[in-house]
Amino acid sequence: MTTRLQAPGFDLRHTLECGQFFRWTRTPDGYYVHVGGLLFAVRQHGDELLVEGAPASFARRFFSLDHDTPLIEERLLHDRRLREAVEVYRGLRILRQDPWECTVAFLTSAASNIPRIAANLADIAQAYGRPTARGGFQSFTFPRPDEIGDEEGLRKLRLGFRARYLVEAARLTRAGLLEDLEDLPFEEAREALMVVPGIADKIADCILLYAFGHLNAFPVDTWIRRVMRDMFFQGRKVPDSAIREFASERWGDWAGYAQQYLYIWARERRPVIYRETLAAGAV
DNA sequence: GGCCAGGTCCAAT
DNA sequence: ATTGGACATGGC
């Protein structure tokens, strides 16, 4: 049975493919999405989201259908520097992911890249999750913190130095770390997350933004650092803390959305930047 | 072969 | 307080 959700102004492709989430599979007319114990199918027809295999209440929350994106987009479009990115990727939503799975995803993201992160997560699910299927599509659930393997097992999955971090994160999550963040204000939740080895500013901000709905979080990774330097700091090297403060002052409670537009825009502009570099004779 | 990848940690300025 | 290298692995 299919659940239909009203989602005006929503863009499913931009939402799933903008680099915030890695457990999706594209099909000819939509996607399979793996999250929690669920494997659901989702496609978009105009202003409607058609979901098979997940309760409506879950899908509404996961896709953040409560976010006031018309307001957010309008405000960000007023920013000259952001306008092009927002116009190209309009309809993108910041998801509300499962906190544990999001933590694992971004712990594995250190010094990696999107295809590899997705492969690492698929390997973890295959090794420690349960088989599951929908509509002939086979997959695996993602292991809970008490089901994920030990360091040796994770290293066999080629997670490298990240294996130890995942083991510690699982232990702290079993002790209630992530549940306790739900009611904390941003700064306190951030401090609490950073007690996990392997989680510092950037990964903490990713988890707070993508799993806890802290839309003021502004994760500064190598792409954001580059585009922010170019756009706002005359290409100068500046500390990440200065970039975060600048974003907070300029975009406030919507800095997280600004970050996501800039991130996907900067990434997909890479070939252009490369050609310009070539033309400048730098290679 | 060397460098970089959605970083973080630790030691040496 | 800031900076360089190490940490595993893969891709170009």
Side-chain angles (χ1 to χ4, degrees), chain A residues 14-24 85 89 92 94-95 97 99 101-124 127 149-169 172 190-212 214 217-231 233 236-245 247 255-271 273-275 277-278 282-283:
Chain A
H14 292 154
T15 296
L16 289 177
E17 300 196 12
C18 71
Q20 60 176 324
F21 178 67
F22 310 95
R23 299 259 295 153
W24 51 265
Y89 297 101
L92 174 167
I94 301 293
L95 296 169
Q97 300 183 34
E101 295 179 9
C102 187
T103 298
V104 173
F106 284 93
L107 273 173
T108 72
S109 77
S112 188
N113 55 73
I114 289 178
R116 189 178 168 205
I117 298 163
N120 285 155
L121 296 177
D123 287 347
I124 290 171
D150 60 12
E151 182 172 342
E152 187 189 349
L154 290 165
R155 279 185 185 266
K156 285 188 181 144
L157 299 181
R158 303 188 173 278
L159 278 126
F161 62 87
R162 307 163 190 85
R164 183 172 68 83
Y165 299 153
L166 295 185
V167 171
E168 276 306 293
L172 290 163
R190 198 167 188 269
E191 292 304 313
L193 270 174
M194 287 171 56
V195 309
V196 180
I199 299 184
D201 306 81
K202 190 271 175 184
I203 293 180
D205 285 336
C206 284
I207 296 167
L208 293 170
L209 178 60
Y210 301 136
F212 288 97
H214 285 284
F218 193 84
V220 178
D221 76 322
T222 167
W223 292 97
I224 289 295
R225 196 175 295 126
R226 188 178 309 169
V227 71
M228 289 294 286
R229 282 176 186 172
D230 288 352
M231 271 195 183
F233 295 91
R236 287 184 187 281
K237 206 166 119 175
V238 288
D240 292 348
S241 56
I243 295 176
R244 284 192 297 272
E245 283 164 25
Y257 267 92
Q259 183 269 160
Q260 204 61 39
Y261 282 118
L262 285 172
Y263 174 77
I264 186 64
W265 182 76
R267 281 186 54 89
E268 303 207 347
R269 249 176 74 86
R270 175 169 50 168
I273 291 170
Y274 184 53
R275 276 199 298 277
T277 307
L278 282 176
V283 178

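Lettering follows sequence order; numbering is per chain, from 1. These numbers were taken from a predicted model, which means no experiment stands behind them.
Applying the 3.5 Å distance criterion, the base of B:dG6 shares a donor-acceptor pair with the side chain of A:Gln259.
Atom C1' of nucleotide B:dG7 and atom CZ of A:Arg116 are separated by 13 Å, given to the nearest angstrom. In this structure, CD1 of A:Ile224 is placed 12 Å from P of B:dG7, rounded to the nearest angstrom. For the pair A:Asn120 CG and B:dG6 C1', the computed distance is 13 Å after rounding to whole Å. Distance, A:Asp221 CG to B:dC4 P: 16 Å, rounded to whole Å. In this structure, A:Ile114 places its CD1 atom 15 Å from P of C:dG11, rounding to the nearest Å. Here the P atom of nucleotide B:dG6 and the CH2 atom of A:Trp265 are 17 Å apart, to the nearest Å. Note: CH2 (A:Trp223) to C1' (B:dG7) measures 16 Å, nearest angstrom. Between the CG atom of A:Leu166 and the C1' atom of C:dC7 there is a distance of 14 Å, given to the nearest Å.
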Yes or no on salt bridge (charged side-chain N to carboxylate O under 4.0 Å, His left out) for A:Asp201 and A:Arg244, after CA distance, side-chain angles and deciding distance?
CA-CA 10 Å; A:Asp201 306 81; A:Arg244 284 192 297 272; 3.3 Å; yes

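The side-chain heavy atoms of A:Val227 and A:Trp265, taken from C-beta on, include a pair separated by under 4.5 Å. A heavy-atom distance below 4.5 Å is found between the side chains of A:Arg225 and A:Thr222. Between A:Leu193 and A:Ile203 the shortest side-chain heavy-atom distance does not fall below 4.5 Å. Under the 4.5 Å side-chain criterion, counting only non-hydrogen atoms from C-beta, A:Met228 is in contact with A:Leu262.
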Assign a letter to each nucleotide of nucleotides 8-13 of chain B from its 5' end: B, base within under 4.0 Å of a protein heavy atom; S, sugar-phosphate only; -, no contact.
SS----

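Relative orientation of the A:Tyr261 and A:Tyr257 rings is tilted, given thresholds of 30° and 60° on the angle between their planes.
Taking the C1' atoms as reference points, B:dA5 lies 23 Å from C:dT2, given to the whole Å. Atom name P, nucleotides B:dG1 and C:dA8: the rounded distance is 22 Å, in whole Å. When the P atom is used for both C:dT3 and B:dG6, the distance is 23 Å, rounded to whole Å.
Distances shorter than 4.0 Å separate none of the side-chain N or O atoms of A:Arg162 from OP1 or OP2 on C:dA8. At least one side-chain nitrogen or oxygen of A:Thr222 sits closer than 4.0 Å to the OP1 or OP2 atom of B:dA5. Residue A:Arg226 places at least one side-chain N or O under 4.0 Å from the OP1 or OP2 atom of B:dA5.
A salt bridge does not link A:Glu168 to A:Arg164: none of the charged side-chain nitrogens sits closer than 4.0 Å to a carboxylate oxygen.
Shown here are the salt bridge (Lys or Arg N to Asp or Glu O under 4.0 Å) partners of A:Arg155, two or more places apart in sequence or in another chain: A:Glu151.
At the heavy-atom level, A:Pro219 lies under 4.0 Å from base atoms of the strands shown.
Once the 5.5 Å centre distance and the 30° plane angle are applied, the aromatic ring of A:Phe106 is found not to be stacked with the base of B:dG6.
Of the N and O atoms on the side chains of A:Tyr89 and A:Gln260, not one donor lies less than 3.5 Å from an acceptor on the other residue.
Shown for residues 152-161 of chain A: residues whose heavy atoms fall under 4.0 angstrom of DNA chain B, namely A:Phe161.
The aromatic ring centroids of A:Phe106 and A:Phe22 lie less than 6.0 Å from each other.
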